[in-house]
Amino acid sequence: MADDPPYNDSLIDDALQRVSRGETAAFEVVLRRFERPLRAWLAAHVPLGVDGDEIAQRSFVAAFSRLHEYQPGTNFGAWLFTIARYQLRTETTRLRRIADYHARYGPELLQRELDRRCDESSEMWTTRLEHLHRCLDTLGDHLRRFVTWRYDEGIPLDEMATRSGRSLPAVKKQLWKIRQTLQQCIETRMAAPGGSSP
Amino acid sequence: MSTQDRFAELWTDYLEGELEDHGVEELRDLLTADEDLVKRAADLLQTHRLLGLVVAEQPARQDEFIRQTMSQLPESQDAFVSHVMSQVERANGVPQRAPNKRRVNPNRMWIAAALMLASVVLLTFWPHGQKPIAIDQTQHEGGGTEKRNARLASVAQAKFFGELSPPVGSLLATGREYVLMSGLIELAFPAGASAILEGPAVFRVTSSESLALDVGRCSVHAPDGAEGFRVETPVTRVIDRGTRFTVSVGETSDTEVHVIEGAADVYDVGQTAKPSDIALKTNDNSSYERLTNGQARKFVDTGTLAVDTVTFDASVYRRALPDRVISYEATTAVDGGAEKLESVTVQRGGKVIKVPIDALIAARVTWFKAAEPRAFLCGGATPPTSRAEWSSDRSLVTGVINPDGSLEPLTADPVLEVDGGTPGMAIRFERPVVNGPGADVVFFDLQTFVNPSDGDAFHVSPLVFHDGLKSHTIRKYDLTMESPEALDLTNFFVHFFAGTVRSLGQLDAGGYSSQNQSIKFRGLAVGIDLSDLGYARGDAIEGLFIQDALDDGHHVDPVFIAGLPEMK
């Protein structure tokens with residue numbers, strides 16, 4: 001085990017140098033360092049109906065392929081996010097040109113609001129993700145199971161209704177309340193002193 | 001019903017994919033009429049997306065994301081350009097912009113044009129293109145592809161150029177070039193033939209019953225029913241006739257064939273255009289050379305195919321991958337990481353066996369010395385009173401770590417005294433370990449991505465030397481950071497000591513500060529063969545001495561060491 005704290009800038013630079021020398025496997029160090037913040041930021045901003053992880057992978061591949069354009073010693077994270085923003089913009093542009101995209105996937109106003117938020121700091125979304133983890137811990141088991149069913153197991157609503165012994169409308173109402181509760185919990189934590197710092 | 005209540009209904013249906021066209025229209029109207037509702041919808045949508053990501057943050061799913069991304073990395077800039085060009089074509093004229101907003105330099109336009117031309121050439125004339133390292137098996141459930149593709153049957157310390165090894169059991173993409181830098185892999189073909197490739201080797205699976213070997217060595221076994229299996233080299237086509245044989249291709253494409261059992265026919269690839277031609281010519285003695293049991297030939301392309309007789313060497317044929325730790329199983333902690341070892345699967349004497357934890361012979365640290373203050377313990381938030389206990393439990397994240405070492409391995413008994421003691425650590429087994437075939441001791445090391453990917457090198461020595469005994473150095477683990485079988489570990493604490501530790505008493509008494517590890521570690525594993533230390537088959541040993549090899553700034557972190565039970 002190394003004595004140095006992991007993932008400081010020098011380690012990332014070292015990994016990038018190894019990648020530049022042809023050691024592709026070293027890129028995994030970069031992936032491990034930036035996977036979480038990039039996926040969180042993209043999850044919050046990708047267009048409706050688009051898989052954020054696909055854009056994240058595309059961004060990492062583009063960064064790998066254009067590594068010769070990166071200037072060692074500068075902020076690699078910022079450079080990576082610039083690429084991700086470009087990938088996101090390209091995807092948004094492509095979708096806008098599909099005639100019935102918004103008819104199929106939802107209101108354009110909502111997409112515009114998401115676009116407007118793209119300038120928010122990427123660090124903030126890592127913080128929000130961490131708050132969400134903690135907020136989930138505060139949910140009782142009877143509510144947490146709905147989150148597991150919906151987001152982990154991906155089971156249909158009628159199956160949730162059967163499992164919980166509730167009606168379908170009651171299950172929908174429960175999901176709405178859980179999302180509201182978690183949303184409020186995140187906002188409260190973000191507003192607390194130091195709560196918006198990563 | 002209030003607007004808010006209606007929004008709640010519509011929004012929930014929207015997220016659940018149950019909103020019909022008229023509902024989308026109604027939702028759009030609500031949002032158009034109320035700007036605050038748009039912000040609220042965006043907030044809720046983003047939280048909904050983050051909830052999906054929370055689930056995806058389980059270590060196994062994170063790992064899947066990493067592996068998928070690594071497998072998508074192009075091998076070269078050209079490959080990336082051709083990929084981009086294919087996307088450009090697919091996007092049907094959507095303008096592509098560079099991510100940085102530099103002014104367009106006219107010279108860059110020419111370079112871009114050249115790249116585009118190059119990529120068009122690549123797309124037109126490059127027959128294989130870039131394919132994934134392995135085929136996603138979920139695409140083939142119920143389909144026939146699985147029956148047509150070769151499968152990666154096993155790996156031993158395999159390292160591929162520019163990419164991770166595919167998982168054992170995955171199907172290899174037909175036509176894709178694989179560059180095995182080191183280690184060994186075994187491929188299983190649908191009709192029953194198997195091929196063991198030794199790195200360095202460049203190869204392609206060309207069909208369900210053929211393999212192209214551009215450079216390197218492969219040992220083929222084609223049992224009854226798999227006759228006709230082919231190995232194609234740059235100068236020959238070797239057709240199996242029910243046999244075991246080895247094909248070695250040198251850098252200048254010269255090809256050596258050694259037939260161990262049965263027979264193999266060797267054709268001049270320049271004279272035989274298509275594999276189908278071969279079947280027509282099998283009775284034409286002039287068009288091929290048949291080699292039988294115990295024969296070897298070397299084929300060199302000198303304009304025509306020259307054939308030399310070479311000394312037959314049965315040892316070039318590899319019947320199996322080396323004995324090693326193949327995989328292990330562990331309990332899953334609440335964070336999804338592996339925690340307590342449950343079993344180890346090893347190959348010993350060519351036989352694959354799964355050893356449950358209860359059958360392993362536990363070991364405990366009985367001596368420890370490190371001259372520099374470092375982290376000497378890992379595990380929970382608070383170490384036990386007798387801190388060396390962490391070395392003997394079944395957890396993969398507890399242990400006495402970072403012992404000192406030596407550049408040169410021991411040649412005499414280690415000194416186990418506070419004054420003048422030998423740097424390193426001694427372990428004793430709860431009962432003697434008997435030297436059998438292959439690995440006799442399993443050794444687990446925790447490692448992260450900023451550490452050496454092959455594992456921390458260490459020396460292992462007898463506690464008591466006598467004639468014939470020696471130290472052995474392990475520099476590459478059986479399961480490395482690149483092995484899909486090395487599991488992500490659960491989170492743990494590292495305890496940093498303020499002073500040096502020259503005995504277990506000092507380890508128990510030393511002050512420390514604790515740090516919760518925030519990055520993921522994996523459990524690497526290697527088997528230690530007591531024969532490598534000079535012990536005779538059947539010798540029983542009570543303990544070993546471990547030293548870091550001091551080959552870099554990282555020290556070995558043993559978290560689980562145990563003897564394997566005697567093989568019956």
Side-chain angles (χ1 to χ4, degrees), chain A residues 1-3 6-7 11 15 22 24-25 27-29 31-32 35-36 39-40 43-46 52-53 56-57 60-62 64-65 69 82-83 85-87 90 93-94 97 103 106-107 109-110 113-114 117 125 128-129 132-133 136 147 150-152 157 172-173 175-176 179-180 182-183 186, chain B residues 8-9 11-14 16 24 27-28 31-32 38-39 41-57 62 65-66 68-70 72-74 77 80 91 94 96-97 99-100 162-164 374-375 401-402 446 448-451 453 482 494 518-520 553-555 557:
Chain A
M1 182 180 291
D3 300 331
Y7 290 143
L11 289 172
T24 305
F27 198 67
E28 191 164 347
V29 175
L31 272 171
R32 296 270 168 194
E35 166 255 346
R36 192 173 192 236
R39 290 172 83 189
H45 296 100
V46 288
D53 278 359
Q57 287 180 331
F60 277 119
V61 171
F64 172 86
S65 304
E69 294 179 14
T82 303
I83 289 175
R85 281 175 209 275
Y86 162 74
Q87 296 284 349
T90 302
T93 304
R94 187 181 72 79
R97 292 175 180 181
L109 274 176
L110 187 55
E113 176 64 16
L114 292 179
R117 296 180 182 197
W125 288 97
R128 291 183 83 92
L129 192 63
L132 180 57
H133 271 288
L136 276 169
V147 176
R150 172 62 178 84
Y151 291 97
D152 191 0
L157 292 176
K172 287 183 180 177
K173 206 163 200 172
L175 285 171
W176 165 260
R179 287 167 180 145
Q180 286 276 92
L182 292 173
Q183 173 68 33
I186 293 171
Chain B
E9 283 185 357
W11 184 252
T12 304
D13 280 349
Y14 174 70
E16 299 308 323
V24 173
L27 181 61
R28 183 179 292 120
L31 295 178
T32 305
V38 176
K39 292 194 171 92
D43 286 342
L44 287 166
L45 180 66
Q46 290 181 315
T47 300
H48 165 73
R49 295 256 182 80
L50 289 185
L51 273 166
L53 196 62
V54 164
V55 170
E57 284 204 311
Q62 279 180 313
F65 175 87
I66 301 287
Q68 279 181 357
T69 310
M70 288 297 288
Q72 289 178 23
L73 298 183
Q77 185 77 7
F80 177 71
V94 175
Q96 306 288 305
R97 282 187 294 167
N100 43 8
E163 58 195 1
L164 297 175
R374 279 193 297 274
I401 59 175
N402 287 326
L446 52 78
T448 191
F449 294 93
V450 293
N451 299 145
S453 65
E482 297 182 30
V494 175
S518 59
I519 58 170
K520 281 296 165 197
H554 307 277
H555 286 71
D557 306 305

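Sequence lines set the chain letters: A, B, ... in the order given, protein chains first and strands last, and positions in each chain run from 1. These numbers come from a predicted model, not from an experiment.
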Considering non-hydrogen atoms only, spot the tightest contact between A:Ile186 and B:Thr47 and give its length. CD1-CG2, 4.1 Å
Testing the basics here: between A:Ala56 and B:Phe65, what is the closest heavy-atom pair and its distance to 0.1 Å? CB-CZ, 3.8 Å
The single option from A:Leu136, A:Asp152, A:Leu129 passing side-chain contact (heavy atoms from CB on, under 4.5 Å) against B:Leu51: A:Leu136
Applying a strict 4.5 Å limit to non-hydrogen atoms, the region of A:Leu175 in contact with chain B is side chain
So which heavy atom on A:Gln57 is nearest to which on B:Thr69, and how close? CG-OG1, 3.2 Å
Nearest atoms (heavy-atom pairs only) where A:Ala43 meets B:Leu53: CB-CD2, 4.4 Å
What part of B:Glu9 gets within 4.5 angstrom of chain A, counting heavy atoms only: side chain, backbone, both, or neither? neither
Shortest non-hydrogen separation from B:Ala42 to A:Leu114 and the atoms involved: CB-CD2, 4.3 Å
So B:Val54 and A:His133, do their side chains get closer than 4.5 Å, heavy atoms only? yes
Counting neighbours of NZ on B:Lys39 that are heavy atoms of other residues, nucleotides or ligands and sit closer than 6.0 Å, is the number greater than 12? yes
Of all heavy-atom pairs between B:Val38 and A:Glu113, which one has the smallest distance, and what is that distance? CG1-CB, 3.8 Å
Per-residue tally against chain B (heavy atom, under 4.5 Å) across A:His45, A:Arg150, A:Arg128 peaks at A:Arg150
If only atom types and distance count, is the side chain of A:Arg32 paired as donor or acceptor with the main-chain N or O of B:Thr448 below 3.5 Å? no
Can you find a heavy atom in the side chain of B:Leu44 that is under 4.5 Å from one in the side chain of A:Gln180? yes
Run A:Phe60 and B:Met70 through side chain to side chain contact (heavy atoms under 4.5 Å, CB included) and show every step you take. CA-CA 9 Å; A:Phe60 277 119; B:Met70 288 297 288; over 6 Å; no
State plainly whether the residues A:Arg179 and B:Glu16 are in salt-bridge range, i.e. N to O under 4.0 Å. yes
Between B:Gln46 and A:Arg117, do the side chains contain an N or O donor and an N or O acceptor separated by less than 3.5 Å? yes
Top residue by heavy-atom pair count (under 4.5 Å) with chain A, among B:Ala41, B:Ser453, B:Ala8? B:Ala8
